[in-house]
Amino acid sequence: MRRRWTTAVAVSVAGLLALSACGGGDGQEAGGGLKAHKKVEVFSWWTGPGEADGLKAMRKIFAKQNPEFEFFDAAVAGGSGDAARALLSSKLQANQPPDTFQGHAGAELQGYIKSGKLEPVNFLYDELKLKEVFPQQLIDQITVEGQVYSVPVNIHRSNVLWFNPSVLRRAGVDGAPKTVEEFVTDLAKVKKSGKIPLSIGSEWTLVHLFESVLLGSLGTDAYNALWTTGADWSNATVTKALENFKTILSYAGTPQADWQPAAKQVADGKAAFNIMGDWAYSYLHNAPPGGLGKESHKDFDWAASPGTDGTFMWLSDSFTLPKGTPNRDGAIAWLKMAASEEGQDAFNPLKGSIPARKDADRSLYEDYLSWSLEQWSGSKLAGSIQHGVVADDEWRAAITEAVGLFQRDKDVAKFQRALVAAADDSGQ
Ligand code: GAL
C-alpha cells in the first residue's frame with residue numbers, strides 16, 4: 001500500500017479553495033456580544049437524487065440535538081466523490097480542513113491517517129462504547145497502531161446487478177445471470193431485442209463495473225489475494241478476467257453523465273442491466289423528488305453481480321475529525337450523531353445502505369435492505385476498489401487511468417501491464 005500523500009489535482013489550489021463554499025465554523029461573536037450559531041462544515045458528495053435524502057435526515061437530527069450549531073453543507077457534486085476528493089485534498093494540504101469529511105473505511109482512510117491529517121477518536125469510542133457496536137473487521141479498517149480514526153455510518157454493497165424484468169422477458173432472458181458466461185449470453189440476447197444491454201455512466205462507473213467483473217471472474221479468494229503483498233497481477237486468470245471485461249464493455253450503451261442517468265435507463269425500460277452499488281436502490285425506490293419511486297421486483301430487480309453470489313463486496317462511508325478543524329466541538333457533535341442508533345437508522349433506510357452498527361433496528365430495513373442485511377452477515381467479504389477499501393487514492397487513480405485507456409483502445413495486454421505496474425508502484 002502506498003505511503004505517500006499525493007493527489008492528482010488538475011486545478012490550482014487557490015481556484016479550488018475559492019470554489020469551496022467555506023463554511024468553517026468561525027464561532028464569531030455577533031454584535032452586542034450575542035454568540036452566533038457556530039457553523040459545522042460537513043463535507044461529502046451527497047448532493048444528487050438518491051444521495052441527498054439520507055444526509056438531510058442526519059442533518060435534521062443533528063439540528064434537533066445541537067441547537068448551538070448550524071449544519072453547513074459543503075457537499076461537492078459528483079457520484080463516488082472523485083471531484084469532492086480532489087477538492088478535499090487541496091483543502092487538507094492548505095491546512096484548511098472542513099470540520100468533518102466523509103471518507104471510505106479501508107485504504108483510502110489509511111492514506112489520510114498516515115499523512116497525519118486526522119485526529120484519533122478513541123475518546124469517542126470509549127465514551128460511547130462503540131467498540132461493542134461496530135463489527136471488529138470494520139474497526140480494523142479505520143485503525144492504525146491502536147488508534148481509531150473515524151466513525152463509520154453505513155455499509156454499502158458494490159456488487160449488485162440491477163435489471164429490468166420486462167426487458168429481460170422480452171429478450172427471452174430467464175432471470176438474472178448467475179455467472180459471467182451467462183451474463184455475456186444474456187447481453188447478446190438483449191442486444192438482439194433492440195434494447196441497451198448494459199447501461200454505464202461516467203468514467204468511475206467503469207471502474208465500479210470492473211471490480212465486479214474481476215471478482216466474478218476470479219472468485220473471492222483470488223480477488224482478495226490481489227491486494228496482498230507480492231500479489232500476481234500478471235497471471236492468465238487475470239488475463240481472462242480482463243477479456244471478460246472487454247466482452248462485457250462491448251455491450252455497453254452510450255456513457256451517461258453519472259450513475260443516476262445510467263440506473264434510470266434500466267428503470268425506464270431502455271436498458272436491461274446496470275452494475276452499481278446499492279445507493280442505486282434508494283434512487284430507484286425512494287419517493288420523488290429524492291428518488292424515482294419505482295416498484296421493486298416489477299420496474300426493477302436485483303441480484304448479486306454475475307459470478308459473485310455469496311460474496312458481499314463492501315464499502316463503508318465514515319466521518320472523520322480532521323486535525324486543526326475550525327469547529328472541533330461541532331465536528332464531535334456531528335460524529336456522535338453519526339455514530340448513534342438514531343442517526344444511523346434515519347440515514348441508512350434513505351441512503352440504500354445498512355447500518356454499520358450491529359444493534360440497529362432491523363425492522364426499518366425492508367425489501368432490498370433486508371436482503372442486504374442478511375447477505376452482510378452470511379457472505380464472504382471482498383473490498384471495493386473504486387470506493388476506497390482495497391486501494392488507496394493513488395493506486396485507485398492508476399487503475400482508473402488504466403481502465404479509461406482500455407475503454408478507448410481495448411488492448412488487453414496493455415491494460416494488464418498497466419495494472420501490474422500500478423500494483424508494483426503501490427509498494428504493496
Ligand atoms: C460511494 C459512496 C456512496 C455513494 C456512491 C455514489 O463512493 O460511498 O455513499 O455516495 O459513492 O455517489
Side-chain angles (χ1 to χ4, degrees), residues 42-58 73-88 100-109 111-112 138 141-142 150-160 162 199-212 256-264 274-286 290-291 312-320 338 343-344 346-356 368-369 372 376 383-393 396-397 399-400:
V42 178
F43 189 96
S44 77
W45 53 88
W46 297 329
T47 60
E51 311 253 60
D53 282 1
L55 184 61
K56 250 188 245 157
M58 282 202 284
D73 190 354
V76 173
S80 183
D82 285 355
R85 275 188 301 271
L87 172 57
L88 177 66
T100 178
F101 67 84
Q102 167 206 355
H104 289 124
E108 181 184 309
L109 210 87
Y112 297 122
L138 186 53
Q141 299 283 338
I142 51 177
S150 74
V151 168
V153 73
N154 67 2
I155 304 289
H156 266 306
R157 177 173 173 136
S158 156
N159 58 323
V160 190
W162 305 97
S199 63
I200 56 169
S202 47
E203 195 171 56
W204 73 265
T205 71
L206 296 181
V207 181
H208 188 104
L209 173 66
F210 176 58
E211 67 187 31
S212 261
Q256 303 296 294
D258 208 335
W259 65 270
Q260 289 100 333
K264 189 166 187 297
N274 178 241
I275 291 183
M276 188 38 61
D278 48 11
W279 41 92
Y281 174 73
S282 58
Y283 172 57
L284 296 171
H285 167 270
N286 287 1
F312 195 115
M313 187 183 264
W314 71 277
L315 60 122
S316 170
D317 295 310
S318 73
F319 282 96
T320 56
Q344 300 216 345
F347 173 70
N348 286 300
L350 291 168
K351 182 66 170 65
S353 40
I354 54 174
Y368 168 81
L369 295 169
S372 183
W376 172 242
S384 164
I385 303 172
Q386 172 59 28
H387 308 283
V389 180
V390 286
D392 66 7
D393 271 356
R396 174 188 34 203
I399 294 174
T400 301

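Every number for a ligand or one of its atoms is a count from 1 in the order of the listing.
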Check each protein residue for a heavy atom under 4.0 Å from ligand 1 and list those that pass, ordered by chain and number. Trp45, Trp46, Glu51, Gly79, Ser80, His104, His156, Trp259, Trp279, Leu315, Asp317, Lys351, His387

Could you check whether any side-chain N or O of Asn154 sits under 3.5 Å from a backbone N or O of His156, counting only pairs where one atom can act as donor and the other as acceptor? no

Before we go on, tell me: are the rings of Trp45 and His104 under 6.0 Å apart, centre to centre? yes

For Tyr283, what residues pass the ring pair (Phe, Tyr, Trp, His ring centres under 6.0 Å) criterion, not counting sequence neighbours? Trp259

Who pairs with Asn286 by side-chain contact (heavy atoms from CB on, under 4.5 Å), at least two apart in sequence or on another chain? Asp53, Ser282, Leu350

Taking salt bridge (charged side-chain N to carboxylate O under 4.0 Å, His left out) as the definition, give me every residue that meets it alongside Glu211, ordered by chain and number, with sequence neighbours left out. none

Check: Ile155 main-chain N/O paired with Ser316 side-chain donor or acceptor under 3.5 Å: no

